[in-house]
Amino acid sequence: MSSNEIVRRYDYKGDAKRVYDVIKAGGVAICPATIGYGIITSEPRKLEKIFLTKQRAATKRHAMVGSYPIHRALHVMNKLDREIVDHLVLDLDLPLAVIAPFNKEHPMFEKLDDVTMEAASVNGTIAILINAGPFQDELTKLSLADNQPILGSSANISQTGTKYRREDIQPELNEIADIALDYGLLKYNMYRRSSTMIDFSGPKPEIVRIGACYEIIKDALWRHFKIETPEDPGLDANPFGHLKTQKPLESLEKLISAPRIKV
């Protein structure tokens, strides 16, 4: 395509296939989601390279690129918790990162080594982002059909904030990507935070991160389920929305302190 051609409609299926082929071959991709650009891969050592390039802390974990079908295939939840998720993501069509126990026997996890699984889970739970947009839905159709896990995180250097325009992503991350898509300014840019994250592993749902559409999620949780949630202190007080921080993971501490080896 020449630089003068205008793309009027996105080819979600075609773009997803191009990205999936790169990822399945062990590459790294920068891709759009409604809550910000992400950087993803299926190769464990490339995942470590992303982690180091982003300068992430050992308290962070890898997130799974997901969708509603992947959530239903992997997460193990009680009836009420499933109803809550269904109301938020199906009835209200909101983006949501769901933390919940998972089926460790699912064939998707056979392709991940123990070190990667440890860095992608917390106390027997994994985080899966649902409703991240049509591109991610098409990409995850391919990954679920192949039982191919895709992991990653937001495409930004740690503590610099979610990036909603392709041109705002730092050069260090562009350099390690084998393919990158530009979908312009992304849908939920006005929130200036990533997805709202809810942990369903306890006796009641717990807000782990305040993010996109939080005011709607907060209202729905109280209105329909009588679940109280914290007030948003605002961007100045809590720019990234985190209400809970995990303990540092020893394997990630070793990764951070180890001599750098090119992948």
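The chain is numbered in sequence order, starting from 1. On a predicted model such as this, the values are computed, not experimentally measured, just so you know.
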Other residues, nucleotides, ligands: >12 heavy atoms within 6.0 Å of [X] [atom1]:
| X | atom1 | result |
| --- | --- | --- |
| R82 | CZ | yes |
| D114 | CG | no |
| E167 | CD | yes |
| K247 | NZ | no |
| R72 | CZ | yes |

message: Using the ring centroid of each side chain, check whether Y10 and Y183 are separated by less than 6.0 Å.
response: yes

Do [X] and [Y] come within less than 4.5 Å of each other through their side chains, counting heavy atoms only?
| X | Y | answer |
| --- | --- | --- |
| Y188 | T162 | no |
| I198 | I207 | yes |
| L243 | N238 | yes |
| I210 | P233 | yes |
| P149 | T116 | no |
| R209 | F240 | no |
| P205 | I227 | yes |
| H106 | N147 | yes |

Identify the heavy atoms of [X] and [Y] that sit nearest to each other, and give their distance.
| X | Y | value |
| --- | --- | --- |
| K163 | I169 | CB-CG1, 4.0 Å |
| A100 | M77 | CB-CG, 3.9 Å |
| S42 | I23 | OG-CG2, 3.2 Å |
| S154 | I39 | O-CG2, 3.8 Å |
| A57 | I256 | C-CD1, 4.1 Å |
| I99 | A127 | CG1-CB, 3.9 Å |

Thinking salt bridges, do [X] and [Y] make one under a 4.0 Å N-O criterion?
| X | Y | result |
| --- | --- | --- |
| R18 | D15 | yes |
| K17 | E138 | no |
| D113 | R45 | yes |
| D232 | R193 | yes |

Could you tell me the separation between the [atom1] atom of [X] and the [atom2] atom of [Y], rounded to the nearest 0.5 Å?
| X | Y | atom1 | atom2 | result |
| --- | --- | --- | --- | --- |
| L139 | S67 | CG | OG | 9.5 Å |
| L129 | T196 | CG | OG1 | 10.5 Å |
| I84 | H224 | CD1 | NE2 | 11.5 Å |
| Y191 | I35 | OH | CD1 | 13.0 Å |
| K111 | S143 | NZ | OG | 9.5 Å |
| E175 | Q170 | CD | CD | 11.5 Å |

- request: Starting from the C-alpha separation in whole Å, work towards a yes-or-no answer on side chain to side chain contact (heavy atoms under 4.5 Å, CB included) for H75 and I126.
  value: CA-CA 8 Å; H75 275 152; I126 57 169; 3.8 Å; yes

- request: Establish, yes or no, whether the cationic atom of K104 lies under 6.0 Å from the six-membered ring centre of F102 and within 45° of the ring axis.
  value: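 Yes, a cation-pi geometry holds between K104 and F102.
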
Treat each ILVMFWY residue as a node, draw an edge where side-chain heavy atoms are under 4.5 Å apart, and state whether [X] and [Y] are in one component.
| X | Y | value |
| --- | --- | --- |
| I179 | F135 | yes |
| V22 | I50 | yes |
| L80 | W222 | no |
| L151 | V122 | no |
| I128 | M108 | yes |

- prompt: Is the side chain of Q136 donor-acceptor paired with the backbone N or O of G66 at a distance under 3.5 Å, no angle test?
  reply: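 Side chain of Q136 to backbone of G66: a pair is present.
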
query: Do the side-chain N and O atoms of S153 and K60 include a donor-acceptor pair separated by under 3.5 angstrom?
result: no

query: Can D86 and Y68 be counted as having a side-chain donor-acceptor contact under 3.5 angstrom?
result: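 Short answer, yes.
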
Steps toward side chain to side chain contact (heavy atoms under 4.5 Å, CB included) verdict (V19, C31): CA-CA 8 Å; V19 167; C31 300; 3.7 Å; yes

Chi angles and distances behind the side chain to side chain contact (heavy atoms under 4.5 Å, CB included) call for V65, T140: CA-CA 7 Å; V65 177; T140 52; 4.0 Å; yes

Positive for side chain to side chain contact (heavy atoms under 4.5 Å, CB included) with L94, one of I130, I217, V89: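 Output: one option passes, namely I217.
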
task: Begin with the C-alpha distance, continue with both residues' side-chain angles, and end with the deciding distance and a verdict on side chain to side chain contact (heavy atoms under 4.5 Å, CB included) for D168 and Y37.
output: CA-CA 10 Å; D168 293 334; Y37 282 90; over 6 Å; no

